[in-house]
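Everything below concerns the one structure shown next.
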Amino acid sequence: MRTRLLLWPALGLLGLTSCLKIIKPGKDFGRYTPPPAPDYRMEDHWAALPDRRDSADVVPRGSLFRDQQRDAPADVFYVHPTTYLWRKQWNASLADDRVNRFTDDKVIRGQASAFNSTARVYAPRYRQATLYSFFDSEESTNGEQAIELAYGDVKAAFEYYLEHYNRGRPIILAGHSQGTVHATRLLHDFFDDNAALRRQLVAAYLVGYEVKPDEYRVLRPCEDSTQTGCYVAWNTVAWGNEYEPYQQSLAVNPLTWTRDTLTAPARLNLGGVPYDFKRLDKRIVDAKVHNGLLWVHPPERDGYPRFLLPGHFRLWHSFHLADYALFYGNIRQNAAARVRAHRMRLGGQ
């Protein structure tokens, strides 16, 4: 089973009680006709664009944060996690209103908005692989084919973004879970061997997926809070737990933006945002890098759910669903700091 991939399941929506097989598509990938491909000339095929009103424009209730995309000096290309959880087919249709509402109301609002103080937010819709794709058996290629189809859309969206929207501006690349699977590949395909694009790269936030410290030929992990042209990653779990498949993974502490194993106290946490996005919880958790994971003492306030995946009890210690939420304020501040540093290094462009 592909349990090395941690995804974003709103499992309560599914009513799952015992086994993931109830969300397994009923036919092999090749026996389905894929949903129509996106056309990124159409605004409806983007979950977020900077020049229209959408869920990336919001800020947590009661915070002093402001959406400043109009004057932002950089762009963020954000790839959302899995929000298609059903068995109708292996890949989601862009015409599925239920999936689009969930994407917008939860992950665009809860994750992509973290960058709206310093970057114009571009977030494509894509024919994402269904949740079960990441738990398909090793003998089947159905899940792999679904993921490959999804990446084709993300790649096409990024190519459209570069040609029609970017205009040489600094780029933040961000993803979570399935989104990070695709964002990691974008770095391989567009940045690692392209010096001009590497020069535009502020940083990549590759959160909620296994990413190696030596993932790339040229690109390297960030070592501090203002380094640019680099990437960060983490996977959040309850303190004291191990997960052997991730022991060689990259983990950067989002409270210090370093890779050391010192405990960063909760006083450094600038604020988490719970699932309902209705408040900012300062000092919500501490954090410590340990064996490829990010340890946190579980938050005392509600709204930060664990990864309660039926049949996969060893993942129940994971705060995968809250990888962004627990560190929302720190991500927001860090993106701004890296953009400032990037502009200074390019002579204030």
Side-chain angles (χ1 to χ4, degrees), residues 37-57 67-80 94 103 107-108 111-126 150-176 179-207 216 218-219 222 226-232 331-332 334-349:
D39 179 351
Y40 290 111
R41 295 173 298 179
M42 299 176 60
E43 286 196 6
D44 286 351
H45 290 179
W46 294 84
L49 288 170
D51 295 325
R52 69 159 198 227
R53 187 173 181 83
D54 53 49
S55 294
D57 304 341
D67 171 36
Q68 301 181 74
Q69 292 183 72
R70 176 177 295 181
D71 301 315
D75 295 342
V76 59
F77 188 87
Y78 163 84
V79 190
H80 70 74
L94 272 66
T103 300
V107 297
I108 299 298
Q111 297 183 358
S113 70
F115 300 97
N116 68 21
S117 67
T118 197
R120 294 163 59 89
V121 181
Y122 295 88
R125 301 198 191 280
Y126 63 100
Y151 176 67
D153 287 355
V154 173
K155 183 177 181 181
F158 190 68
E159 290 172 333
Y160 188 89
Y161 157 78
L162 287 177
E163 183 175 355
H164 296 278
Y165 291 135
N166 175 252
R167 297 171 184 159
R169 290 160 58 86
I171 301 170
I172 297 169
L173 191 63
H176 185 246
T180 287
V181 174
H182 304 314
T184 300
R185 288 187 65 178
L186 289 179
L187 284 178
H188 277 290
D189 290 348
F190 290 90
F191 291 86
D192 201 32
D193 292 318
N194 186 320
L197 274 180
R198 288 201 306 274
R199 181 176 170 84
Q200 287 180 247
L201 182 64
V202 175
Y205 293 78
L206 306 178
V207 184
Y216 301 101
V218 178
L219 294 169
C222 301
T226 59
Q227 185 180 349
T228 61
C230 53
Y231 61 99
V232 300
I331 295 168
R332 191 176 183 90
N334 183 249
R338 291 191 198 274
V339 168
R340 287 194 299 269
H342 186 271
R343 297 183 73 200
M344 289 178 63
R345 286 167 186 155
L346 293 184
Q349 295 179 7

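The analysis underlying the following values was restricted to heavy atoms, covering all of them including side chains, and did not include hydrogens, waters or symmetry mates.
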Exercise. Can you tell if the side chain of Ile108 reaches within under 4.5 Å of the side chain of Tyr78, non-hydrogen atoms only?
Worked result: yes
Exercise. Rounded to the nearest 0.5 Å, what separation is found between the CG atom of Asp189 and the CG atom of Leu197?
Worked result: 11.5 Å
Exercise. Between Tyr40 and Tyr160, how do the two ring planes meet: parallel, tilted or perpendicular, split at 30° and 60°?
Worked result: tilted
Exercise. Got a sec, which residues hit side-chain hydrogen bond (donor to acceptor under 3.5 Å, both in side chains) with Asp192, two or more places apart in sequence or on another chain?
Worked result: none
For this session: With sequence neighbours left out, write down each residue that passes side chain to side chain contact (heavy atoms under 4.5 Å, CB included) with Asp44, or none if nothing qualifies.
Result: none
Please list, one pair per line, the donor and acceptor atoms closer than 3.5 Å that link side chains of residues 112-121 to other protein atoms, with sequence neighbours excluded.
residue: Ser113; atom: OG; partner: Arg109; partner atom: O; Å: 2.4
residue: Ser113; atom: OG; partner: Tyr328; partner atom: OH; Å: 2.7
residue: Asn116; atom: OD1; partner: Arg332; partner atom: NH1; Å: 3.1
residue: Asn116; atom: OD1; partner: Arg332; partner atom: NH2; Å: 2.7
residue: Asn116; atom: ND2; partner: Ala56; partner atom: O; Å: 2.9
residue: Asn116; atom: ND2; partner: Val58; partner atom: O; Å: 3.0
residue: Asn116; atom: ND2; partner: Ser113; partner atom: O; Å: 3.2
residue: Arg120; atom: NH2; partner: Asp51; partner atom: OD1; Å: 3.4
residue: Arg120; atom: NH2; partner: Asp51; partner atom: OD2; Å: 3.3

Exercise. Is Gln200 close to Asn166 at the side-chain level, that is, under 4.5 Å between some pair of heavy atoms?
Worked result: yes
Exercise. Given the rule in the side-chain contact (heavy atoms from CB on, under 4.5 Å) test, do Thr180 and Tyr205 qualify, once you have shown the distances and angles that lead to the verdict?
Worked result: CA-CA 8 Å; Thr180 287; Tyr205 293 78; over 6 Å; no
For this session: Report yes if some heavy atom in the side chain of Leu346 is under 4.5 Å from a heavy atom in the side chain of Arg199; otherwise report no.
Result: yes
Problem set entry | Thr228-Arg345 side chain donor-acceptor pair, cut-off 3.5 Å | yes
Exercise. Between the side chains of Arg338 and Asn334, does any donor sit under 3.5 Å from an acceptor?
Worked result: yes
Problem set entry | is_close_aromatic(His80, Tyr126), centroid dist under 6.0 Å | yes
For this session: Applying side-chain contact (heavy atoms from CB on, under 4.5 Å), run through Leu162 and Ile171 and close with a yes or a no.
Result: CA-CA 10 Å; Leu162 287 177; Ile171 301 170; 4.0 Å; yes
For this session: Step through it carefully: locate the ring centre of Tyr231, locate the ring centre of Tyr216, and say whether they are under 6.0 Å apart.
Result: yes
Exercise. Rounded to the nearest 0.5 Å, how far does NE2 of His164 lie from CZ of Arg41?
Worked result: 8.5 Å
Exercise. How about Leu219 and Leu201: do any of their side-chain heavy atoms sit closer than 4.5 Å?
Worked result: yes
Problem set entry | Heavy-atom pair with the smallest gap, counting every atom of Asp67 and Asp57 | CB-O, 3.2 Å
For this session: Could I get the full list of side chain to side chain contact (heavy atoms under 4.5 Å, CB included) partners for Arg52, not counting sequence neighbours?
Result: Glu43, Trp46, Leu49, Asp54
Problem set entry | Under the side-chain hydrogen bond (donor to acceptor under 3.5 Å, both in side chains) test, residues paired with Arg169 that sit two or more places apart | Asp75
For this session: List in chain and number order the residues that pass ring pair (Phe, Tyr, Trp, His ring centres under 6.0 Å) with Tyr161, two or more places apart in sequence or in another chain; answer none if no residue qualifies.
Result: Phe77, Tyr122, Phe158
